Number of protein chains: 2
Amino acid sequence: MNQDQINRFRNFSRSVAVEVGALEDSFLNRGRPLGSARVLNAIGLGHENVSDLRTYLKLDTGLLSRLLRGLETEGLIETKPNPVDRRSRITKLTPKGDQEFDVYETLSNERAANILDRHKNARHLLDAMDVVTIALSREDITFEEVQYTSEIVAKCLSAFAAELSKRLNSGFDLENSGDPELSQMQHPHGTFVVAKLGDMPLGCVGIKGNGTSVAEVKRMWIAPAARGLGLARRLMVTAEDAARALSITTLRLDTNRILFEAVSLYQNMGWLEIDRFNDDPYPDIFFEKKL
Amino acid sequence: MNQDQINRFRNFSRSVAVEVGALEDSFLNRGRPLGSARVLNAIGLGHENVSDLRTYLKLDTGLLSRLLRGLETEGLIETKPNPVDRRSRITKLTPKGDQEFDVYETLSNERAANILDRHKNARHLLDAMDVVTIALSREDITFEEVQYTSEIVAKCLSAFAAELSKRLNSGFDLENSGDPELSQMQHPHGTFVVAKLGDMPLGCVGIKGNGTSVAEVKRMWIAPAARGLGLARRLMVTAEDAARALSITTLRLDTNRILFEAVSLYQNMGWLEIDRFNDDPYPDIFFEKKL
DNA sequence: TCATTTATCTGACTTTAGTCAGGTATTTAT
DNA sequence: ATAAATACCTGACTAAAGTCAGATAAATGA
């Protein structure tokens with residue numbers, strides 16, 4: 001990494017630090033110290049029990065306790081013991097607290113909208129922000145098996161289809177591409193794995209099974225903003241593990257040489273090229289892997 | 001601006017706030033309060049006199065004074081009166097202070113390198129960071145007339161040429177493109193205007209004059225990361241003002257329809273299409289504007 | 001059951017940050 | 001020459017943030 005690149009990174013850090021500081025100043029204008037405001041916001045964002053708040057905000061138990069007491073006497077929150085474990089406690093915003101939380105939310109949203117609005121093409125800026133967000137939050141990316149019918153899968157598949165349409169100049173239609181039955185993409189026959197950051201979908205891959213020991217890998221996709229971080233490999237590892245757990249011993253897949261990143265990943269991960277095994281219009285290269 | 005976009009912005013804010021916080025924690029591990037560390041770093045970055053420090057760090061005079069006293073007793077800085085105005089004072093890092101500043105610099109650089117290194121394609125991430133940096137620092141962008149021989153102009157011109165090569169599929173060579181003499185691009189005949197953020201070049205435009213009242217606009221370019229912010233218009237306004245100041249009454253320019261953003265900007269700013277006025281190979285559309 | 005652990009709270013601190021009213025030395029304006 | 005303005009400093013504060021050693025109540029484990 002050369003110094004010029006590091007300087008660009010640090011210019012970035014400086015500019016966002018200024019922006020963060022300005023937002024905090026606007027919070028302080030509400031007349032409440034930042035510590036209390038942070039706690040109030042964390043509660044509003046759904047961090048309801050005290051120990052969750054403590055880890056989320058990295059606060060000392062004594063300090064947090066006092067801040068909660070403060071918000072309580074302001075009438076912004078109510079605290080009651082957790083019925084499941086009466087040692088721990090659950091906080092909740094009162095209607096007044098809800099109102100105050102909304103004020104903070106509005107301040108944040110307005111700052112965001114302001115910066116986005118002065119861009120002729122906010123999409124360009126947001127794409128850049130996604131790239132940064134994902135790079136900085138790399139540790140928080142999760143790989144989960146999800147229901148094929150869930151909303152996040154729909155998001156992934158439409159992004160997947162849109163990208164293939166663009167890259168395969170022939171266009172692309174999911175339905176002409178060995179489109180699986182629901183039952184083939186969920187337990188016990190198959191599964192669907194999604195890479196996520198919070199609720200932002202970063203990538204996906206499906207295992208399309210039929211109860212035999214041979215199954216197919218379908219719909220492998222990584223969001224453009226998430227590329228270059230090695231997520232595809234981790235996604236494939238997760239999928240292969242899931243296949244093994246379903247007693248699948250042979251995986252096959254089809255793809256297109258235009259998707260060169262995918263092709264070289266498969267080659268890299270021990271997939272072997274095999275003969276065409278279907279008549280789908282889009283693929284022109286086929287792979288197999290014994291698990 | 002819809003809520004989904006605002007949420008993406010706010011996810012971004014959250015992730016960078018975490019990163020900023022982590023860097024500050026690593027600073028605190030040096031055993032010095034953040035306030036002092038900030039002052040030390042500001043001095044190391046070249047903010048030498050006390051009033052400059054005060055505005056840069058937005059600190060109260062009393063507070064800054066005390067922080068300086070603290071760094072002095074630590075033996076990290078020395079302060080002496082400004083010989084030009086003995087009311088004001090100039091601070092300087094001692095050798096020990098220099099060392100300590102380097103430690104902070106190393107901490108920052110290492111964090112940056114760490115995040116960049118885990119990216120297969122750091123250029124992609126850095127480009128995204130530039131887009132964000134420029135969007136957030138929009139108010140700090142300056143438009144300056146500079147010497148045609150200066151380093152920043154060389155940077156702009158090579159980026160300009162690289163982009164034209166890519167977009168005009170015929171390729172592009174500065175020398176075949178009415179390449180001006182040095183004297184034509186500087187006072188009193190012409191000038192060269194650069195848009196900058198700090199020392200990052202964001203765009204440029206030249207006025208190529210020959211002592212008559214007619215001059216030519218050349219080399220208009222905006223960095224990809226800086227597009228969509230309306231900089232081209234501000235750049236052109238600056239250039240037209242500079243031309244007026246040089247007693248130029250008619251400006252002409254040539255460009256290519258492929259550069260559609262530029263063409264529509266000219267049309268928008270009151271330029272009128274005229275007949276071809278040179279034999280250069282690249283342009284296919286010509287404009288004129290009376291000042 | 002009873003010692004131990006866990007989750008939170010309280011009190012008594014210290015440190016850091018921030019504010020503000022003078023005060024001194026120097027420069028500027030008239 | 002002298003009043004006003006400027007640049008910085010000091011002292012005397014307040015507020016906020018952070019620390020830490022108990023204390024209490026509830027849950028857990030042998």
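Given the structure is predicted, the values throughout are model-derived calculations rather than measurements. Lettering follows sequence order; numbering is per chain, from 1.
In this structure, B/Thr191 contributes its side chain and B/His187 its backbone to no donor-acceptor pair below 3.5 Å. In this structure, A/Lys96 contributes its side chain and A/Glu74 its backbone to a donor-acceptor pair below 3.5 Å.
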A/Leu202 and A/Met200: CA distance, side-chain angles, deciding distance, side-chain contact (heavy atoms from CB on, under 4.5 Å) verdict: CA-CA 6 Å; A/Leu202 302 186; A/Met200 179 194 262; 3.8 Å; yes

Would you please test A/Leu68 and A/Glu72 for side-chain contact (heavy atoms from CB on, under 4.5 Å) and show each step? CA-CA 6 Å; A/Leu68 288 172; A/Glu72 239 167 30; 5.8 Å; no

For A/Ile77 and A/Lys92, what are the C-alpha separation, side-chain angles and deciding distance, and is it a side-chain contact (heavy atoms from CB on, under 4.5 Å)? CA-CA 5 Å; A/Ile77 63 170; A/Lys92 223 176 65 108; over 6 Å; no

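When DNA chain C is scanned in the 5' to 3' direction for atoms under 4.0 Å from non-hydrogen atoms of chain B, the outermost contacting nucleotides are C/dT16 to C/dT27. When DNA chain D is scanned 5' to 3' for any atom under 4.0 Å from a heavy atom of chain A, the first and last hits are D/dA16 to D/dA27.
Applying the side-chain hydrogen bond (donor to acceptor under 3.5 Å, both in side chains) test to every pair with at least one member in residues 11-20 of chain A, sequence neighbours left out, gives these pairs: A/Asn11-A/Arg14, A/Glu19-A/Arg111.
Side chains of A/Glu144 and A/Val193 form no contact here, defined as non-hydrogen atoms less than 4.5 Å apart. Using a 4.5 Å heavy-atom cutoff, the side chains of A/Ile43 and A/Phe101 are not in contact. Between B/Leu76 and B/Leu93, the closest side-chain pair of non-hydrogen atoms is not below 4.5 Å.
Between A/Glu24 and A/Arg38 there is a salt bridge, since a side-chain N of the basic residue sits under 4.0 Å from a carboxylate O of the acidic one. The pair A/Arg8-B/Asp127 counts as a salt bridge, with a side-chain nitrogen and a carboxylate oxygen less than 4.0 angstrom apart.
In terms of position on DNA chain D, the residue among A/Arg86 and A/Leu63 whose nearest nucleotide sits closer to the 5' end is A/Leu63. Between A/Arg66 and A/Asp85, the residue anchored closer to the 5' end of DNA chain C is A/Asp85, taking for each the nucleotide with the nearest heavy atom.
Between the side chains of A/Asn7 and A/Gln3, at least one donor-acceptor pair of N or O atoms lies under 3.5 Å.
Within residues 71-82 of chain A, no residue places a heavy atom under 4.0 Å from DNA chain D. The stretch residues 34-58 of chain B touches DNA chain D through B/Val50, B/Ser51, B/Arg54, each having a heavy atom under 4.0 angstrom from the strand.
Base engagement by A/Thr61 is indicated by at least one non-hydrogen atom pair under 4.0 Å involving a base atom. Looking at heavy-atom distances under 4.0 Å, A/Ser65 makes contact with a base.
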Considering only distance and modelled atom types, tabulate donor-acceptor pairs under 3.5 Å from the side chains of residues 132-140 of chain B, sequence neighbours left out.
{"unit_1": "B/Thr133", "atom_1": "OG1", "unit_2": "B/Met129", "atom_2": "O", "d": "2.7"}
{"unit_1": "B/Ser137", "atom_1": "OG", "unit_2": "B/Thr133", "atom_2": "O", "d": "2.8"}
{"unit_1": "B/Glu139", "atom_1": "OE2", "unit_2": "A/Arg118", "atom_2": "NH1", "d": "3.1"}

